[in-house]
Amino acid sequence: MEDTKVRGRRAVNQSPYNYTSEICISRPQNTPAKELSIQLNTRLSHDWSILYDHPSAHPIDLNSVPVIDLNNPELTNKIGKACEEWGVFLIRNHGIEPELLNRFDSQIHRLFALPIEVKLKVAKTQGTDSGYGGAPISHLFSKFMWYEGFAITAGSPVDHAQILWPDDYSSFCEVIEEYKKAIIPLGYRLMHLMLLSLGLTEEEIDNSLIGDSTKIKNAIHLNSYPACPDPDRVVGLAPHTDTGFVTILYHNGVSGLQVLRRKDDIGPARWVTVPVVPNTFVVNICDLMHVLSNGTFHNVVHRSMVSKTNQRLSAAYFFGPQVDVKVGPLSELTGPEQGLPLYRPVTWLELQKLKSTLHDKALQSMKIEELRKGA
Ligand SMILES: O=C(O)CCC(=O)C(=O)O
Ligand SMILES: [Fe+2]
């Protein structure tokens, strides 16, 4: 027993696996992959001490993440309530074929199963956000995460896929394309329902930026959390909120995602494990949807934990505004009767910059009340 623990601890303190995280932030444009890998391996620390910042909910906490059937006749209300109370919910009967999801899953698995030398050929370089690398939020934390990822931000991953699989890159690209085609309408449908639940009319939604697809942009992050010998001392993806409007998350059925439930009548703030329910996606409310809803929807803090025995794979599909689009509280939700706007408008890029310096205080700094105090 003791022996296993010591082995586990050593594995966590010394570079435990044969690939490296944090490639994206530290790889200067021309560093050879091998040299980079050596540099990173000497400074790895995956040992997190802040994991127990909030207690974990009892595993059978009855008050758990809502599961919403998209065929429910009360759908709009259910979605509105889940966005306000939880900022996260599962959706079933979403219309995406299990067969497509199986093929998507196999390709994610195939990607991360490649040897590290091959994956490093498509490592993100400074100033780019597509490709293989560490956690996109790694610059916010001093510890490394038990994570490797592959980001597809600008259209097709074909350039990278050709490098990864010179002889068979099309099966990866095709499935990514099919997945996007299926998930994009689902994202729009969910955002539409969210605005309906806030009381906007169909016409108001059509005239809002959610109704204008040229103003929306999206990206996929494929995530891998390998099995870890000492899972209680590492974190797969550290606590964060997503910055865009909405994230739709696919995962391979290995538990690990946790959301921070706010203090309520039942108890103090606590980490709640998102249940694994077959044939569902997880939907998260992100920062800019919180802003758009003038604070009504909860941008949920979440993190990923890792398993001792199973690799966890996930794919986050992010919907957000185009870089130059300013997002502020919807005018329909503010006024003499509803109240003043809580936030000044920002672009997605601006918010990302604020988060990289102010961390979880970024939204606070955009509060109009806060700005008045400072004036
Ligand atoms: O893998 C997960 O469960 C969560 C991923 C996530 O939060 C993200 O990609 O932003
Ligand atoms: Fe996230």
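Both counts, for ligands and for their atoms, begin at 1 and track the order of listing.
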Once you restrict to heavy atoms under 4.0 Å, what part of [X] touches ligand 1? Side chain, backbone, both or neither.
X    : value
N284 : neither
H240 : side chain
V282 : neither

message: Please tell me whether T214 and Q322 have a donor and an acceptor in their side chains that are separated by less than 3.5 angstrom.
response: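 The answer is no; no qualifying pair exists.
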field: Ring centers of H160, Y132 separated by less than 6.0 Å
entry: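 No, ring centres 6.0 Å or more apart.
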query: When the aromatic ring centroids of H298 and H290 are compared, is their separation below 6.0 Å?
result: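 Distance test on ring centres: not under 6.0 Å, no.
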Please check if atom [atom1] in [X] has more than 12 non-hydrogen atoms from other residues, nucleotides or ligands closer than 6.0 Å.
X    : atom1 : answer
K78  : NZ    : no
R92  : CZ    : no
K81  : NZ    : no
H109 : NE2   : no
Y169 : OH    : no

Has [X] got any heavy atom lying under 4.0 angstrom from an atom of ligand 1?
X    : answer
H221 : no
R312 : yes
S304 : yes

task: If you have a sec, work out which protein heavy atom is nearest atom 6 (C) of ligand 1 and how many Å separate them, to one decimal?
output: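 Atom 6 (C) of ligand 1 sits closest to the protein heavy atom L237 CD2, 3.4 Å.
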message: Can you check which of D242, V254, V274, L313 brings a heavy atom nearest to atom 10 (O) of ligand 1?
response: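 Closest candidate by heavy-atom distance is D242.
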task: Between Q258, R303, H302, M305, flag the one that comes closest to atom 7 (O) of ligand 1 by a heavy atom.
output: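 Minimum heavy-atom distance to atom 7 (O) of ligand 1 goes to H302.
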For ligand 1, which atoms sit closer than 4.0 Å to a heavy atom of [X]?
X    : result
F318 : 9 (O), 10 (O)
S314 : 1 (O), 2 (C)
A316 : 9 (O)
Y225 : 1 (O), 2 (C), 4 (C), 5 (C)
N223 : 1 (O), 5 (C), 9 (O)

message: How large, to 10°, is the angle at the Fe ion (ligand 2) when you draw lines to NE2 on H240 and to NE2 on H302?
response: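 Here the angle at the metal atom is close to 90°, to 10°.
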- prompt: Considering only N, O or S atoms, which atom of D242 is nearest to the Fe ion (ligand 2)?
  reply: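 Atom name returned: OD1.
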query: Can you tell me how far the CG atom of L342 sits from the CD atom of Q364, to the nearest 0.5 Å?
result: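 Spacing of CG (L342) from CD (Q364) equals 10.5 Å.
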message: Do E332 and T201 have side chains that approach each other closer than 4.5 Å (heavy atoms only, starting at C-beta)?
response: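 Heavy-atom side-chain distance check fails, nothing below 4.5 Å.
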